Amino acid sequence: MVKAYTQEHVYKHPWERVTCASWRKFADQENKRILSHILDVDTLNHSLDPSSGKLYTTRAITIHCPGPWFVRKIVGQDICHCVESTVVDARSRSMQLTSRNISLQKFIEVEEKIRYDPHPDNPTGWTICQQETRIRIKPLSALASMAEKVEQRCAEKFLQNSVKGREVMERICKYLEAESSSLAL
């Protein structure tokens, strides 16, 4: 079984501000309170391709395991390690993030893709965010009959966390807007 969903959100902020907010999302103490499922974020690698102008970044993210408590009991872990790969193309104004779990893979596979692009209706003022998430519980004898329910519960948790993430992004965008307005004076 695979549980997949897509979401789309329009930020009424320019692409440059939204992508800047994406980089700051995990750093602020207020955000850590809201995004409490995120335990740690470390940058593993970043490089700029001089010929294409693209920025490539890889981050390690440690999170509280999603899903019901009894699943965490069965797998014997309550944290999960993930890798996030990001490609920023400033020339085409596109930012793509792909996150995958690297621990607990014999039990669950999660892949999340997020893309930020200028909105076609207002390319200089708005940004469209497209998010796609796939969750697959691997058939385990102990969970075979419950896999669909567990996937649904995990998907619900991811949706809740997505809402929190958008709230944080909006807050950072407003902060950056205010910061840039004060610098212009």
Side-chain angles (χ1 to χ4, degrees), residues 3-11 13 15-47 55-88 95-116 127-138 150-177 179:
K3 183 72 178 172
Y5 67 90
T6 58
Q7 298 182 88
E8 196 171 275
H9 180 75
V10 175
Y11 291 98
H13 300 278
W15 179 84
E16 293 79 5
R17 185 177 300 143
V18 172
T19 55
C20 185
S22 177
W23 291 117
R24 292 186 180 192
K25 179 166 65 173
F26 300 126
D28 183 80
Q29 285 301 326
E30 177 68 15
N31 301 344
K32 288 180 181 181
R33 185 185 60 74
I34 296 167
L35 302 174
S36 59
H37 64 290
I38 305 291
L39 300 175
D40 197 21
V41 178
D42 292 302
T43 300
L44 303 176
N45 183 35
H46 64 276
S47 63
L55 173 67
Y56 296 89
T57 303
T58 305
R59 299 195 292 184
I61 301 175
T62 304
I63 63 169
H64 282 290
C65 284
W69 65 270
F70 61 87
V71 172
R72 293 190 298 270
K73 223 29 167 174
I74 291 169
V75 300
Q77 263 182 274
D78 63 353
I79 64 168
C80 182
H81 301 284
C82 304
V83 171
E84 175 193 82
S85 301
T86 304
V87 179
V88 179
M95 180 180 195
Q96 299 176 49
L97 301 90
T98 302
S99 302
R100 292 182 179 90
N101 64 305
I102 56 171
S103 65
L104 305 176
Q105 287 183 329
K106 64 182 179 179
F107 302 107
I108 185 171
E109 290 177 351
V110 177
E111 181 182 64
E112 178 183 47
K113 295 180 180 183
I114 300 175
R115 183 178 172 115
Y116 298 103
T127 304
I128 189 163
C129 171
Q130 297 168 315
Q131 178 183 7
E132 177 185 325
T133 305
R134 294 173 4 101
I135 302 165
R136 179 176 171 246
I137 300 293
K138 303 255 182 113
V150 172
E151 286 173 346
Q152 180 62 38
R153 176 69 175 108
C154 288
E156 289 168 2
K157 193 67 173 167
F158 271 84
L159 285 167
Q160 291 169 2
N161 289 338
S162 294
V163 169
K164 292 178 185 179
R166 285 192 300 273
E167 289 171 5
V168 165
M169 291 284 291
E170 287 287 356
R171 191 174 66 74
I172 295 170
C173 284
K174 288 177 182 167
Y175 169 81
L176 291 170
E177 182 178 30
E179 187 179 74

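Quick caveat, the model's predicted, so the values are computed rather than measured.
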Exercise. Which heavy atom of Arg59 sits nearest a heavy atom of Thr57, and at what distance?
Worked result: CG-CG2, 4.0 Å

Problem set entry | Backbone N/O of Ile108 and side chain of Asn101: donor-acceptor pair under 3.5 Å | yes

For this session: Working to the nearest 0.5 Å, report the span between OG1 of Thr86 and CG of Leu97.
Result: 3.5 Å

Problem set entry | Under 3.5 Å: donor-acceptor pair, side chain of Thr127, backbone of Trp15 | yes

For this session: First locate atom CD of Glu16, then atom SG of Cys173, and finally report the distance between them rounded to the nearest 0.5 Å.
Result: 11.0 Å

Problem set entry | Worked verdict on Lys113 versus Glu132 for salt bridge (charged side-chain N to carboxylate O under 4.0 Å, His left out) | CA-CA 5 Å; Lys113 295 180 180 183; Glu132 177 185 325; 5.3 Å; no

Exercise. Does some side-chain heavy atom of Val110 sit less than 4.5 Å from a side-chain heavy atom of Phe158?
Worked result: yes

Problem set entry | Which atom of Lys32 lies closest to which atom of Ala27, heavy atoms considered | CE-O, 3.9 Å

For this session: Show the numbers, then the answer: is there a side-chain contact (heavy atoms from CB on, under 4.5 Å) between Cys82 and Ile63?
Result: CA-CA 8 Å; Cys82 304; Ile63 63 169; 4.2 Å; yes

Seminar exercise, completed: Scanning both residues in full, the closest heavy-atom pair of His81 with Thr62 reads ND1-OG1, 3.3 Å

For this session: Please determine which of Val87, Thr19, Ile114 meets the side chain to side chain contact (heavy atoms under 4.5 Å, CB included) test together with Met95.
Result: Thr19

Exercise. Nearest 0.5 Å, what's the CD-OG distance between Gln131 and Ser162?
Worked result: 3.5 Å

For this session: For the pair Gln7 and Arg166, evaluate side chain to side chain donor-acceptor pair (under 3.5 Å) and give the outcome as yes or no after the intermediate values.
Result: CA-CA 11 Å; Gln7 298 182 88; Arg166 285 192 300 273; 3.2 Å; yes

Seminar exercise, completed: To the nearest 0.5 Å, atom CZ of Arg136 lies from atom CD of Glu109 at 5.0 Å

For this session: Look at atom CZ of Arg134 and say whether more than 12 heavy atoms of other residues, nucleotides or ligands are closer to it than 6.0 Å.
Result: no

Exercise. Going by an N to O cut-off under 4.0 Å, is there a salt bridge joining Glu111 and Arg100?
Worked result: yes

Exercise. How many angstroms lie between atom CD1 of Ile34 and atom CG of Asn161, to the nearest 0.5 angstrom?
Worked result: 12.0 Å

Exercise. Looking only at heavy atoms, which two atoms of Ser103 and Cys80 are closest? And how far apart?
Worked result: OG-CA, 3.4 Å

Exercise. Counting only heavy atoms not in Tyr175, do more than 12 sit closer than 6.0 Å to its OH atom?
Worked result: no

Problem set entry | Nearest non-hydrogen partners of Tyr11 and Cys129, listed with the distance | CE1-CB, 3.7 Å

For this session: Under the side-chain contact (heavy atoms from CB on, under 4.5 Å) rule, what do Glu170 and His9 come out as? Steps first, then yes or no, please.
Result: CA-CA 11 Å; Glu170 287 287 356; His9 180 75; 3.3 Å; yes

For this session: Carefully, step by step, assess Ile128 and Tyr116 under the rule side-chain contact (heavy atoms from CB on, under 4.5 Å).
Result: CA-CA 6 Å; Ile128 189 163; Tyr116 298 103; over 6 Å; no

Exercise. Does any non-hydrogen side-chain atom of Phe26 lie less than 4.5 Å from one of Asp40?
Worked result: no

Exercise. Any side-chain heavy-atom pair from Trp23 and Val88 closer than 4.5 angstrom?
Worked result: yes

Exercise. What distance separates Asp42 CG from Glu84 CD, expressed to the nearest 0.5 Å?
Worked result: 12.0 Å

Problem set entry | Check against side chain to side chain donor-acceptor pair (under 3.5 Å), Thr98 and Glu112 | CA-CA 6 Å; Thr98 302; Glu112 178 183 47; over 6 Å; no

